[in-house]
Protein chains: 2
Amino acid sequence: MARNTDKRREELRERLVTIAEAQVRASGLGSLRARALAGEAGCAVGAIYNVFDDMTGLILAVNGRTFRHLGAFVSDVVDARQDTGPTDRMITIAFAYLRFASDNPTLWRALFGVKMSADRDVPAWYLDELGRLFSIISTPLSEVYPQADASEIDLKTRALFSSVHGIVALGLERRISGVPQDRIEMMIEYIIRNVTSRS
Amino acid sequence: MARNTDKRREELRERLVTIAEAQVRASGLGSLRARALAGEAGCAVGAIYNVFDDMTGLILAVNGRTFRHLGAFVSDVVDARQDTGPTDRMITIAFAYLRFASDNPTLWRALFGVKMSADRDVPAWYLDELGRLFSIISTPLSEVYPQADASEIDLKTRALFSSVHGIVALGLERRISGVPQDRIEMMIEYIIRNVTSRS
DNA sequence: CTAGTCAAATGAACGTCGTTCATGGAGGCC
DNA sequence: GGCCTCCATGAACGACGTTCATTTGACTAG
């Protein structure tokens, strides 16, 4: 019995994540509805709660996919430019981050827009994926600062990632600032080139 | 008749904003409830809609206050250090921004966490307040780049504001990165000092 | 002072949401 | 084949923002 049941649960889980991902991509995090989801998946609303703790758990699963796609995309882009210097490679990474956010705005925003009840805490793989992103940045950064220890590299990595993230986040938020994409790229390059060209 | 009515509306409006502000401060944007608000204000739920278009309008009013408080706080702090150089003044501004966000995390987060239906657009005073913040930064920045034109200053201002905003936002988000406050300050100083010490 | 008028205040009702739980039925075990 | 267990089910629940028919009360005209 266990075998058949587990398989069905796993299939339903994947189907729900796929449908939810499409919904978030199309209309944003706020448009997810348990009933619509169950309807599209061909199951009862209650079935969702046999597979996920709650809607937040489902969103976290969607974000897990997005994190992997983002990491793979950025890695691929920078791997194709391993011959360039560390500063140019960091700019490449940041542009790829901007590109992903710009191409998948709703999915990308969902990464940082999950509301979690206080008791629930972030799954370990969430921080793992963020660490993987950090490590993509810290590699060229270590070349810029060959004598820096791990703690210093970690601080500079977080600082640069957060800076680029802020530029992308506010730049894409048309409501607040609304800046053309090429000007966002100019801002990113301005920060990274000036920061990493100095010791 | 009009006089008395308008006065009561204005009083109710202010009372509602004050109560909502306290509620957001205490428990965050997501804890605002129309019924609880009406209960505390001593009015009917429907009365809220005689004064505001909807809950989003009320939140925007709260954010308006927060924007003014933030602007006044940052201005006061930097005004007390007008004797220092432009780079040090920019670090002072950024530290003040961090301090405000850290002291009023829920109100500060509400500034960027409002959900608005697509048709509604940002009130003009919202962008005005943001422009006021920008101008606080662009003043010392113009001293760093005396030969830069307005468009270039605008781009660098947005880039630096967004960078600091990103560092503060991700640094305070204990869920995602969670960094001690002094390390956040180190990140800010790292970015600003390196960016503005170069041409 | 009284009657009339009309906008503003009211709160029950509505539609929708995430979540739960008693129930019915499908599927493994003897 | 009969029993029993366990899971899918979807109606029900409580809470939410918002609406609207009704009541209220302030102001004016006579």
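Each chain gets a letter, A, B and so on, in the order its sequence line appears, and its residues count up from 1.
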Five-pair end axes of the helix from C:dC1-D:dG30 to C:dC30-D:dG1, angle between them (10°): 20°

A:Val78 to A:Thr92 - nearest heavy-atom pair and separation: CA-CG2, 4.4 Å

Closest heavy-atom pair and its distance - B:Ile188, B:Ala94: CG2-CB, 3.5 Å

Annotated protein contacts, base or backbone, on nucleotides 10-20 of chain C with a non-hydrogen cut-off under 4.0 Å, one of B, S, - each: BBBB---BBBB

Strand contacts (DNA chain C) in residues 20-27 of chain B, 4.0 angstrom heavy-atom criterion: none

Which residues share a side-chain contact (heavy atoms from CB on, under 4.5 Å) with [X], sequence neighbours left out:
| X | answer |
| --- | --- |
| B:Ala34 | B:Ile48, B:Met55 |
| B:Leu155 | A:Arg183, A:Met186, A:Met187 |
| B:Ala72 | none |

In this structure, how many angstroms lie between the [atom2] atom of [N] and the [atom1] atom of [X], rounded?
| X | N | atom1 | atom2 | value |
| --- | --- | --- | --- | --- |
| B:Leu16 | C:dA9 | CG | P | 11 Å |
| A:Glu11 | D:dC7 | CD | P | 17 Å |
| B:Lys115 | D:dC16 | NZ | P | 18 Å |
| B:Leu58 | D:dG17 | CG | C1' | 13 Å |
| B:Ile48 | D:dC20 | CD1 | P | 17 Å |

Set of salt bridge (charged side-chain N to carboxylate O under 4.0 Å, His left out) partners for A:Asp182, sequence neighbours left out: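 For A:Asp182 there are no salt bridge (charged side-chain N to carboxylate O under 4.0 Å, His left out) partners, ignoring immediate neighbours.
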
Qualifying salt bridge (Lys or Arg N to Asp or Glu O under 4.0 Å) pairs with a residue from [range], counting only residues at least two apart or across chains:
| range | value |
| --- | --- |
| residues 74-102 of chain A | A:Asp88-A:Arg193, A:Arg89-A:Glu143, A:Arg99-A:Asp103 |
| residues 38-59 of chain A | A:Asp53-A:Arg120 |
| residues 21-35 of chain B | B:Glu21-B:Arg65 |

Atom pairs and distances, donor-acceptor, side-chain atoms in residues 128-141 of chain A, under 3.5 Å, two or more places apart:
residue  : atom : partner  : partner atom : Å
A:Ser135 : OG   : A:Arg132 : O            : 2.8
A:Ser138 : OG   : A:Ser135 : O            : 3.2
A:Thr139 : OG1  : A:Ser135 : O            : 3.0

Listed once per pair and sorted, the side chain to side chain donor-acceptor pair (under 3.5 Å) pairs that draw on residues 160-172 of chain B, sequence neighbours left out: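 Matches after skipping sequence neighbours: B:Tyr97-B:His165.
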
